[in-house]
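Here the structure is laid out as structure tokens; the discussion comes afterwards.
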Amino acid sequence: MKLYHVSKSRSTRILWLLEELGLEYDCEAMPFGPEALQSPDYLAINAFGKVPALIDGPVTMAESVAIVQYILDRYADGALEPDRDAPEYGKFLQWLEFGEATLMGPVANIMLHGQFLPEAERDSRSLERNRKTLSAYLGVLDEELADHKYLVGNDFTAADIVVGYGIFALKLFREMPTGFANVENWFERLSARPAYQKATAA
Ligand SMILES: N[C@@H](CCC(=O)N[C@@H](CS)C(=O)NCC(=O)O)C(=O)O
């Protein structure tokens with residue numbers, strides 16, 4: 001497998017997963033920005049011009065959560081997910097999708113309107129709205145984590161990787177709101193994992 005990676009971007013999820021599973025892979029580290037991501041060579045691999053992208057033999061694909069599911073299907077032999085016929089499997093899929101489809105909406109907005117856009121293009125009302133939305137989401141996560149160690153019961157799964165990346169990004173850009181003790185304790189458990197440390201340093 002060959003992973004196209006930009007340091008600390010969403011491709012960190014895939015590195016983290018590959019490291020947790022102990023799989024062999026090549027990592028093509030790229031700089032962030034249009035020069036690399038919008039180059040004709042890279043657009044031929046991922047026409048969206050984003051990371052991650054994965055090449056595995058005849059398979060070329062984008063979208064971090066789809067890549068996580070693909071690697072679990074093909075190479076994990078049941079690791080890092082509940083049994084597919086167990087009731088927890090539904091919740092596992094829910095958190096997996098939540099991590100990108102729901103959580104990253106406000107996270108990306110807060111990054112843009114809080115830091116990345118030129119001052120004149122930032123929208124403070126949108127920023128405030130998204131900070132409220134983020135806090136509401138973190139409140140749900142905090143309750144969910146009140147009585148178990150990981151998102152799906154007491155076993156670490158790939159859903160922790162996908163959602164945990166969102167918390168990593170918030171902390172990286174100093175946008176993690178305070179007051180979510182269960183989320184903090186859970187994230188501390190995640191960040192103690194050697195695979196997390198290797199992936200987030202790359
Ligand atoms: N939903 C996509 C989002 C991919 C994405 O937005 N990646 C960012 C890095 S975290 C990117 O490549 N941005 C470059 C750009 O938008 O120019 C996924 O989960 O893979």
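Start at 1 and go down the list; that is how both ligands and their atoms are numbered.
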**Request:** Indicate the ring-plane relationship of Phe98 and Tyr137, choosing parallel, tilted or perpendicular according to the 30° and 60° boundaries.
**Result:** perpendicular
**Prompt:** Would you say Tyr165 and Ser64 make side-chain contact, with heavy atoms under 4.5 Å?
**Reply:** no
Inventory of protein N or O atoms under 3.5 Å from ligand 1 N or O:
residue  : atom   : partner : partner atom : Å
ligand 1 : 1 (N)  : Glu63   : OE1          : 2.8
ligand 1 : 1 (N)  : Glu63   : OE2          : 3.4
ligand 1 : 1 (N)  : Glu100  : OE2          : 2.9
ligand 1 : 6 (O)  : Arg10   : NH1          : 3.4
ligand 1 : 7 (N)  : Val51   : O            : 2.9
ligand 1 : 12 (O) : Val51   : N            : 2.9
ligand 1 : 16 (O) : Lys50   : NZ           : 2.6
ligand 1 : 19 (O) : Ser64   : N            : 3.3
ligand 1 : 19 (O) : Ser64   : OG           : 2.7
ligand 1 : 19 (O) : Glu100  : OE2          : 3.3
ligand 1 : 20 (O) : Ser64   : N            : 2.9

**Asked** Is the centre of the Phe168 ring less than 6.0 Å from the centre of the Phe187 ring?
**Response** no
**Asp77 atom CG, over 12 foreign heavy atoms within 6.0 Å** = no
**Asked** Do the numbers put Arg189 on top of the ring of Phe156, so that NZ or CZ is under 6.0 Å from the six-membered ring centre and no more than 45° off the axis?
**Response** no
**Prompt:** Is any side-chain N of the basic residue among Glu63 and Lys50 closer than 4.0 Å to the acidic one's carboxylate O?
**Reply:** no
